[in-house]
Protein chains: 2
Amino acid sequence: MSDLVTRLRRHNWRITPQRRVIAETLEGSHVHFTADEILERAVERMPELSRATVYNTLNEMVALGEVLELTLDGRSKRYDPNADHEHHHLICEGCGLMKDVHAMADPVDWLPGDERHGFAVTRASITYRGLCPECQAAQS
Amino acid sequence: MSDLVTRLRRHNWRITPQRRVIAETLEGSHVHFTADEILERAVERMPELSRATVYNTLNEMVALGEVLELTLDGRSKRYDPNADHEHHHLICEGCGLMKDVHAMADPVDWLPGDERHGFAVTRASITYRGLCPECQAAQS
DNA sequence: TCCTTCTTTAGACATAGTCTAAGCTAGGAT
DNA sequence: ATCCTAGCTTAGACTATGTCTAAAGAAGGA
Ligand SMILES: [Mn+2]
Ligand SMILES: [Mn+2]
Ligand SMILES: [Zn+2]
Ligand SMILES: [Zn+2]
């Protein structure tokens, strides 16, 4: 897996100290952080880092196509550094736990031509929902 | 199509004049309105209707399972009265146009057991993205 | 060094949604 | 019919998330 900073550099995008800290914070963990969670953690390494820079940087990384923006609930957006590996998400309706998953088929292939309304369909993402093991146990 | 008010009544849910106007506004159109779009239109029939009641009522209809809450972008939630017909959504990345679509298979079946992380997976929704005919024309 | 461009920053602003406290309504009990 | 209670509605304050602005701060080429 070519790391995020390397991928970003290919876009002739200046890797400032702030941008490096943000990218490394984003990639360092395997969860899907919100902007404020990234700020919270990045600030431990760079105390003067501002909220505006975190938002600006995340938006730029999304525009470059190197980070995915997930809007799975109506709360904060979440950022996913794993943009170079096609995958979907499985979310627990009890506690919000989120897992990356891989489906056996490309959902675009399962959309018949007469359901496309003339669109040029380029991609599809699946959101699976259910209960995680702990929330199942808590419920019964 | 058993209408939304009828479905709501089955839950022993009081159909007040406000709730009726909101439900009928939601169902009357085939687009997916935001809360404020519903307020805007419902107020034409009931000028004293408040924003809080629109939000309260939509949340209750979602909790009853009779309306779907869609969070497809990071902006406002959208509400879909068509909760009794399984379907997915196709969105134009140019203009935001949204269409209901029906896939040929249930995506839950495409998720292998070893990708379920012990979850009890209950449902899945697909978001298709692409360009609508008009945005394709505008681009070329 | 000087100049230009890009980046960062604090804080103001915008928007979407929730909460609160008070008043209102509907319907059952008397 | 009147009273009572539970639930509903309301305006507006409040919260959370994200964007914008204007000024100051790098960076790098001439
Ligand atoms: Mn992911
Ligand atoms: Mn729909
Ligand atoms: Zn859970
Ligand atoms: Zn379009």
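Note on naming: letters A, B, ... go to the chains in the order of the sequence lines (proteins, then strands), and numbering restarts at 1 for each one.
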Within less than 4.0 Å of OP1 or OP2 of [N], is there a side-chain N or O belonging to [X]?
X	N	value
A/Thr53	C/dT9	yes
B/Asn56	D/dT9	no
B/Gln18	D/dT10	yes

I'd like to know if [X] pairs up with [Y] as an ion pair, taking the criterion as any Lys NZ or Arg NE/NH1/NH2 lying under 4.0 Å from an Asp or Glu carboxylate oxygen.
X	Y	result
B/Arg78	B/Glu69	no
A/Arg45	A/Glu24	yes
B/Glu93	B/Arg129	no

Whole Å only: how far is the [atom1] atom of [X] from the [atom2] atom of [N]?
X	N	atom1	atom2	answer
A/Glu69	D/dT19	CD	C1'	13 Å
A/Ile15	C/dT7	CD1	P	10 Å
B/Arg20	D/dC8	CZ	P	15 Å
A/Asn12	D/dA27	CG	P	18 Å
A/Trp13	C/dC6	CH2	C1'	12 Å
A/Met46	C/dT9	CE	C1'	13 Å
B/Asn59	C/dA16	CG	P	16 Å
B/Leu58	D/dC8	CG	C1'	15 Å

So if I take every side-chain heavy atom of [X] and compare against [options], which nucleotide ends up nearest?
X	options	result
B/Tyr55	C/dA16, D/dA27, C/dT8	C/dA16
A/Arg14	C/dT18, C/dA26, C/dC6	C/dC6
A/Ser50	C/dT8, D/dT10, D/dT19	C/dT8
B/Ala52	C/dC19, C/dG11, C/dT25	C/dC19

Task: Close approaches to DNA chain D from residues 70-81 of chain A, in residue order (heavy atom, under 4.0 Å) - done: A/Ser76, A/Lys77
Please determine, by modelled atom types, if [X] and [Y] share a side-chain donor-acceptor pair under 3.5 angstrom.
X	Y	answer
A/His32	A/Asp100	yes
A/His85	A/His102	no
B/Asp80	B/His87	yes
A/Asn56	A/Thr53	no

- [ ] Have a look at A/Thr16 and say if it touches a base, only the backbone sugar-phosphate, or nothing, with a 4.0 Å heavy-atom cut-off.
- [x] sugar-phosphate
Task: Closest-nucleotide 5' rank along DNA chain C - winner of A/Thr57 and A/Arg51 - done: A/Thr57
